[in-house]
Asks: 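The structure follows.
Treat the numbers as computed from the prediction; the structure is a model and nothing was measured. First the proteins, then the strands, lettered A, B, ... as listed; each starts at 1. Atom set for the values below is all heavy atoms of this structure, side chains included, hydrogens, waters and symmetry mates excluded.
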2 protein chains.
Amino acid sequence: MTQPDDISPLALNRISVYLRCLRHLQTEGVSRIASQEMARRFHLSASQIRKDLAYFGEFGIRGVGYDVAHLRERLERLLGIQREHPAIIIGAGNIGTALALFPGFHSGNFRIVAVFDNDPNKVGTQLADVTIRDSHELAAGVAETGAEIAILAVPAEVAQENYQALVDAGIKSVLNFAPVQLELAPEVRVKTVDLLIFMEELAYFLQ
Amino acid sequence: MTQPDDISPLALNRISVYLRCLRHLQTEGVSRIASQEMARRFHLSASQIRKDLAYFGEFGIRGVGYDVAHLRERLERLLGIQREHPAIIIGAGNIGTALALFPGFHSGNFRIVAVFDNDPNKVGTQLADVTIRDSHELAAGVAETGAEIAILAVPAEVAQENYQALVDAGIKSVLNFAPVQLELAPEVRVKTVDLLIFMEELAYFLQ
DNA sequence: GATTGTGAATAGATTCACAGCT
DNA sequence: AGCTGTGAATCTATTCACAATC
């Protein structure tokens, strides 16, 4: 399997989008699809689909198109989601709780294996499949569960220190919901989801 | 005020980031800042800051830098968030509820003025500042409140129909949390936030 | 005949480097 | 002296168009 690590974030996002489309097609019983038809159905660009896919290997059949099931499997392996990824959530507030209950993660082969909070009233209570644990047990929890991905859902003021705790615990990737510019550790990948930035983008186009 | 509408989404996102940085600087009492210092503090590119800002007008003072308060005000006006934007939420499930309670919106000059759900058990109950209303009252609610932005937080299966209802009700921008490729109406701007795509991006880099 | 895979062409975004202000 | 604003240069991404393949 080709596995270039210089893929652009844009192309990587598109791979995820293609995967979502393929899953959808599969539920409809479509077994083969051409780039043009896929572009039409999901409002994408046919030449871009071909270029993106060809970049990782020749997945298609000329004159025919792409095999939906096969391509799906290849893309899942490419993204590394052919196996289940254990993930943890830090912060059982509104957003952390909503994410713990989010059904989409299951379908994407991610599983929430632990939730941490520093509020003694929350520690010990049940949330989705897990019991909320004290934040002090973070390092132990990460070691036990083998979690590599963490979802950081704590208030902005304490995001940096919690991020540092995750880094120290050996987490490799962080999805951050706190609206702050984190001081990053070089070996830990961070993706920040800033709702306010999305809203501001929408506000701009209202004018 | 320069107001080109051909600004790239990338540049627009950066403007939001600059704004976040400026607010932070203001709380620290910094009144003037140079592009280089700002780049260093927040891990940005100095020449890009200058280019982005210059694109909308000459906001800086040569030899000195940028006036924090003044620049902040200009950027807020540029994004159209100098006035408060009423927003509504469709779907009072986990994510909708978390967003209704999200304190960040207040600081960004957005206000949740109504929440809609189709579950009779939820309709009539209080959530944050508002009483949850029945989804059938959507059009009336939008008209009453003057809401222009909607947050779509319903299950994937019903996202398309709810989106259509928003379009019909006269909403101009939608922040969509359902992991689907919506069939878009040309006059309504949509920004989709797909948590699974973020997770998949992180998973890729674990390899 | 149809569709992929791909080099060439175009378009877009970022960085460089320095003239122009304060 | 120091920093912005900006044209030129570079780098990156997308689209085009067609030869290669089934």
Asks: With the threshold set at 4.0 Å, does a side-chain nitrogen-carboxylate oxygen contact exist between A:Asp67 and A:Arg72?
Replies: no

Asks: Do you know which two heavy atoms are closest between A:Ile171 and A:Ala147, and how far apart they sit?
Replies: CD1-O, 3.5 Å

Asks: Quick test: give all pairs of protein nitrogen or oxygen and nucleotides 8-12 of chain D nitrogen or oxygen below 3.5 Å, distance rounded to 0.1 Å.
Replies:
residue, atom, partner, partner atom, Å
D:dA8, N6, B:Lys51, NZ, 3.4

Asks: Atom pairs, N/O to N/O, protein against nucleotides 19-22 of chain D, distance under 3.5 Å?
Replies:
residue, atom, partner, partner atom, Å
D:dA20, N3, A:Arg62, NH1, 2.9
D:dC22, O4', A:Arg62, O, 3.4

Asks: Is the closest basic N to carboxylate O distance between A:Arg32 and A:Glu37 below 4.0 Å?
Replies: no

Asks: Whole angstrom is fine here: how far is it from CD in A:Gln48 over to P in C:dG5?
Replies: 15 Å

Asks: If only side-chain N and O atoms of A:Ser45 are considered, is one of them under 4.0 Å from the OP1 or OP2 phosphate oxygen of D:dT15?
Replies: yes

Asks: Among side-chain atoms of A:Arg189 and A:Ser173, is any donor-acceptor pair under 3.5 angstrom?
Replies: no

Asks: Please tell me whether A:Asn118 and A:Ser135 have a donor and an acceptor in their side chains that are separated by less than 3.5 angstrom.
Replies: no

Asks: Please check the phosphate of C:dT4 (OP1 and OP2 only) for any side-chain N or O of A:Ser35 closer than 4.0 Å.
Replies: yes

Asks: Whole Å only: how far is the CD atom of B:Gln36 from the P atom of C:dC16?
Replies: 12 Å

Asks: When you check the phosphate oxygens OP1 and OP2 of D:dG5, does a side-chain N or O of B:Tyr66 lie under 4.0 Å from one of them?
Replies: yes

Asks: Counting only N and O atoms by type, is there a donor-acceptor contact under 3.5 Å from the side chain of B:Lys122 to the main-chain atoms of B:Ala92?
Replies: yes

Asks: Between the side chains of B:Glu58 and B:Arg74, is the shortest nitrogen-to-carboxylate-oxygen separation below 4.0 Å, so that they form an ion pair?
Replies: no

Asks: Just the rounded figure in Å: distance from C1' of D:dG7 to OH of B:Tyr55.
Replies: 16 Å

Asks: Salt bridge or not for B:Glu84 and B:Arg111, using N-O below 4.0 Å?
Replies: yes

Asks: Could you tell me how far apart A:Arg32 (CZ) and C:dT3 (P) are, to the nearest whole angstrom?
Replies: 11 Å

Asks: Rounded to whole angstroms, how far apart are CZ on B:Arg50 and P on C:dA19?
Replies: 15 Å

Asks: For the pair made of CG in B:Leu71 and C1' in D:dT4, what is the distance, rounded to whole Å?
Replies: 13 Å

Asks: Rounded to whole Å, please give me the gap between CG in A:Leu44 and P in D:dT15.
Replies: 11 Å

Asks: Considering only NZ, NE, NH1 and NH2 on the basic side and carboxylate oxygens on the acidic side, decide whether B:Arg133 and B:Asp117 come within less than 4.0 Å.
Replies: no

Asks: Is there a side-chain polar atom (N or O) of A:Arg14 under 4.0 Å from OP1 or OP2 of D:dT14?
Replies: yes

Asks: Take the protein atom CD1 of A:Ile7 and the nucleotide atom P of D:dT14, then report the distance between them rounded to whole Å.
Replies: 11 Å

Asks: Out of D:dT6, C:dT6, D:dA13, which has the shortest distance to the side chain of B:Ala54?
Replies: D:dT6

